[in-house]
Protein chains: 2
Amino acid sequence: MNPTIQQVAEAAGVSRSTVSRAFTRPDMLNPETVALVRDVAARLGYVPSQVARALSTGRFGNIALLVPDVGNPFFPPLIRAVEKQADLSGACVFLGNSDENPERENVLLKRLSGQVDGFILASSRLSDAEIRAHAARRPVVLVNRDIAGLGRVLIDSAQGVGDAIRHLHELGHRRIAYVSGPSASWSNQQRWSAASRGARDLGLDLALIEGEQPSFEGGASAARLAVDTRVTAAIAFDDSMAHGLLAGFSAAGVDVPGTISVIGCDDVLGARTYPPLTTISSGADDAGRLATDMLMGLLGGSQAGETLRLPTTLIVRATTAIARQGS
Amino acid sequence: MNPTIQQVAEAAGVSRSTVSRAFTRPDMLNPETVALVRDVAARLGYVPSQVARALSTGRFGNIALLVPDVGNPFFPPLIRAVEKQADLSGACVFLGNSDENPERENVLLKRLSGQVDGFILASSRLSDAEIRAHAARRPVVLVNRDIAGLGRVLIDSAQGVGDAIRHLHELGHRRIAYVSGPSASWSNQQRWSAASRGARDLGLDLALIEGEQPSFEGGASAARLAVDTRVTAAIAFDDSMAHGLLAGFSAAGVDVPGTISVIGCDDVLGARTYPPLTTISSGADDAGRLATDMLMGLLGGSQAGETLRLPTTLIVRATTAIARQGS
DNA sequence: TTGAAAGCGATACCAT
DNA sequence: ATGGTATCGCTTTCAA
């Protein structure tokens with residue numbers, strides 16, 4: 001149905017090689033020839049077949065982005081940035097949603113590896129070994145996952161979490177809870193250890209509340225657990241959970257920030273919560289953009305193993321306040 | 001690097017044809033042969049090359065989903081559902097984000113058409129003619145876009161909007177505003193006309209407030225316009241805008257629902273806003289699932305032109321109340 | 001039931 | 001600067 005290179009060649013009175021070169025290596029051709037061929041091609045509505053090209057060159061012109069949950073507000077900005085940046089290189093993007101399920105992630109990796117030049121794995125839930133195995137076959141860039149030798153873009157929330165702990169300390173909080181995200185998440189591990197370190201340094205009590213899901217609902221149910229712990233502040237794994245905490249506390253009649261302070265992470269909700277959420281910045285879009293650039297670099301022959309750390313800072317809004325007295 | 005069909009054939013002591021058939025038409029082969037081939041293939045880690053297959057069959061095993069804005073909370077559930085449903089058919093999904101830009105949408109369509117079996121266009125911003133042109137080349141299913149002859153999944157918010165108007169009428173509201181979304185959006189047109197019709201039938205005043213962007217920010221700035229109109233209730237194009245309205249009114253010291261009632265559309269925020277948003281249900285996930293099924297049907301040879309209308313209903317939460325007196 | 005061979009639509013090496 | 005041709009990996013007639 002689409003005209004083939006053959007038909008263009010005949011219509012232009014040249015060989016297929018020439019038509020091919022008119023598009024891929026115009027510098028090798030006489031400028032007039034290029035013009036002629038392109039003209040004829042345009043008239044015929046010729047579009048080079050990506051698959052034929054891929055079969056012969058081994059390059060697909062596509063990349064794949066895998067995320068655990070499109071529904072988590074952290075990812076859309078990331079996805080959008082990847083999309084945009086890939087577009088600049090003329091690459092198309094396969095999106096895979098693993099639904100927080102490692103097996104599905106593996107299946108997607110396998111299924112996709114035959115049609116993409118490389119992968120961006122955002123918050124992968126796979127084991128190091130599994131990721132390494134895939135990286136051995138195709139270039140891989142990791143977002144928020146730290147595996148030596150692979151390309152990494154890390155949103156370094158340790159810094160922001162440290163700021164958050166100090167912020168709470170200054171407000172007089174002495175007993176704090178960390179509401180955790182997925183245990184397989186590098187970000188969760190990083191945030192938890194940063195919180196532990198910060199709390200230890202300042203002599204604060206830090207309780208761990210295990211969140212079920214990194215979502216609004218997960219946060220809401222964690223709120224029910226938190227009210228029993230008598231902490232005066234909670235730092236949540238991410239903004240979704242913090243948002244859920246807000247709702248949970250509100251439902252339980254617990255005032256935020258009067259009775260308990262709440263801090264989120266990722267700053268994907270802006271000032272949209274009520275009260276506006278104090279949170280830790282992330283720059284998910286930067287991460288997406290940089291990860292894509294890094295992947296394109298790898299495809300262009302750069303060495304793997306580069307690590308980019310994006311700094312984070314505390315953004316104080318309205319869910320943190322002076323610790324309540326006598327508690 | 002990946003084993004080819006040839007190597008599997010040699011290792012199994014059969015011809016390439018046989019290996020091919022062992023995977024695509026096992027019924028044509030002796031069961032033992034199938035078992036043997038599959039065994040060898042598995043041992044070698046053989047995975048059929050999608051592109052080679054596509055080149056020879058003309059089928060790619062991929063579909064593309066185009067949305068105007070991944071960041072709009074309406075789309076993630078839709079994306080997720082498409083992803084999940086496509087997975088059942090073993091298809092991979094290209095995601096395209098047009099950023100509300102028709103040109104980009106066209107570019108994506110063109111670029112992708114060489115590697116997908118069909119498209120799902122969600123809330124397309126293209127003209128009917130453009131969409132028809134693309135549909136002539138590849139199967140297309142539309143979500144929230146009504147073009148005769150093409151596959152359509154329509155979230156019929158007319159019904160829900162009618163309910164919303166009646167609900168406001170019962171609460172004593174007489175002057176209502178509709179805060180509009182993108183003019184190129186079918187949903188926006190449908191919602192606006194349903195609101196007009198409902199208002200006319202009940203003898204209500206309906207003002208049109210033109211929203212800038214279908215986003216939180218767009219709603220927030222529309223709120224500033226709304227306070228001047230002296231309406232006692234506003235229906236927003238979608239939940240994002242309604243959410244922005246809430247924030248805008250709050251910033252302006254206007255009480256919701258005391259002074260003004262607010263109704264959203266799509267129910268993607270659940271009860272996460274403050275106050276919990278009265279809204280119109282959508283079932284974006286159903287739409288995604290059904291659109292994918294429909295597309296798969298088209299690929300399987302069904303006739304195009306089918307229309308699926310998904311009903312909507314009003315979900316009353318806490319942003320609507322009795323109209324203020326003496327206004 | 002299985003094999004041989006001709007494509008599918010491009011690229012790229014080798015000639016000219 | 002241009003053309004001829006083998007090749008990429010698989011599917012699919014046509015024969016056997």
Side-chain angles (χ1 to χ4, degrees), chain A residues 1-38 40-41 44-62 90 110-117 137-138, chain B residues 1-38 40-41 44-62 90 110-117 137-138:
Chain A
M1 53 183 266
N2 247 332
T4 74
I5 201 172
Q6 175 74 280
Q7 311 179 20
V8 176
E10 286 169 5
V14 299
S15 73
R16 296 179 305 177
S17 318
T18 301
V19 177
S20 174
R21 289 193 270 253
F23 287 97
T24 54
R25 335 244 340 220
D27 47 299
M28 283 183 64
L29 258 40
N30 187 317
E32 298 149 18
T33 314
V34 173
L36 166 69
V37 171
R38 290 209 171 148
V40 173
L44 267 50
Y46 169 72
V47 180
S49 154
Q50 273 293 127
V51 296
R53 179 176 283 177
L55 184 56
S56 130
T57 63
R59 281 163 311 157
F60 305 89
N62 301 321
K110 186 158 296 174
R111 194 177 285 168
L112 250 12
S113 71
Q115 20 190 0
V116 302
D117 296 323
R137 325 192 95 252
R138 292 239 173 266
Chain B
M1 50 186 265
N2 247 333
T4 74
I5 201 173
Q6 174 75 281
Q7 310 179 19
V8 177
E10 287 170 5
V14 299
S15 72
R16 296 178 307 174
S17 322
T18 301
V19 176
S20 173
R21 288 193 270 253
F23 287 97
T24 55
R25 336 245 338 222
D27 46 300
M28 283 182 64
L29 259 41
N30 187 318
E32 298 148 18
T33 313
V34 173
L36 167 68
V37 172
R38 290 207 171 152
V40 173
L44 268 50
Y46 169 72
V47 181
S49 153
Q50 272 294 128
V51 296
R53 180 176 283 178
L55 184 57
S56 124
T57 62
R59 280 162 311 153
F60 305 89
N62 302 321
K110 187 157 298 174
R111 193 176 285 168
L112 251 12
S113 71
Q115 20 190 359
V116 302
D117 296 324
R137 325 193 95 252
R138 292 239 173 269

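Residue numbers start from 1 in every chain, and the chains themselves are labelled A, B, ... in the order their sequence lines are given, proteins ahead of strands.
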DNA chain D contacts made by residues 7-14 of chain A, counting heavy atoms under 4.0 Å: A:V14
Please list each protein N or O that sits under 3.5 Å from an N or O in nucleotides 9-13 of chain D, with the distance.
unit_1 : atom_1 : unit_2 : atom_2 : d
D:dG9  : N2     : B:A52  : O      : 3.2
D:dC10 : OP1    : B:Y46  : OH     : 2.9
D:dC10 : OP1    : B:S49  : N      : 3.1
D:dC10 : OP2    : B:I5   : N      : 2.3
D:dC10 : N4     : B:R16  : NH1    : 3.3
D:dT11 : OP1    : B:R53  : NE     : 2.6
D:dT11 : OP1    : B:R53  : NH2    : 3.1
D:dT11 : OP2    : B:S20  : OG     : 2.6
D:dT11 : O4'    : B:S56  : OG     : 2.4
D:dT12 : O4     : B:S17  : OG     : 3.3

For residues 19-26 of chain B, run the donor-acceptor check on the side chains, cut-off 3.5 Å, and write out each pair with its distance to 0.1 Å, sequence neighbours left out.
unit_1 : atom_1 : unit_2 : atom_2 : d
B:T24  : OG1    : B:S20  : O      : 3.0

Residue list, side-chain hydrogen bond (donor to acceptor under 3.5 Å, both in side chains) with B:R111, at least two apart or on another chain: A:D87
Opening and closing nucleotides of DNA chain C in contact with chain A, under 4.0 Å to non-hydrogen atoms: C:dG9 to C:dC13
Polar side-chain atom of A:Q6 near backbone of A:R16 as donor-acceptor pair, under 3.5 Å: no
Starting at [atom1] of [X], measure out to [atom2] of [Y] and round the result to the nearest 0.5 Å.
{"X": "B:N2", "Y": "B:Q7", "atom1": "CG", "atom2": "CD", "value": "9.0 Å"}
{"X": "A:I5", "Y": "A:S15", "atom1": "CD1", "atom2": "OG", "value": "8.5 Å"}
{"X": "A:Q115", "Y": "A:Q50", "atom1": "CD", "atom2": "CD", "value": "11.5 Å"}

side-chain contact (heavy atoms from CB on, under 4.5 Å) between A:V116 and A:F60, intermediate numbers included: CA-CA 6 Å; A:V116 302; A:F60 305 89; 5.6 Å; no
side-chain contact (heavy atoms from CB on, under 4.5 Å) assessment of B:Y46 paired with B:V40: CA-CA 8 Å; B:Y46 169 72; B:V40 173; over 6 Å; no
Please report the closest heavy-atom contact between [X] and [Y], naming both atoms and the distance.
{"X": "B:V51", "Y": "A:A54", "result": "CG1-CB, 4.2 Å"}
{"X": "A:S113", "Y": "A:R138", "result": "O-NE, 2.6 Å"}
{"X": "B:A11", "Y": "B:L44", "result": "CB-CD2, 4.1 Å"}

Among A:T18, A:V37, A:L36, side-chain contact (heavy atoms from CB on, under 4.5 Å) partner for A:L29: A:T18
Five-pair end axes of the helix from C:dT1-D:dA16 to C:dT16-D:dA1, angle between them (10°): 40°
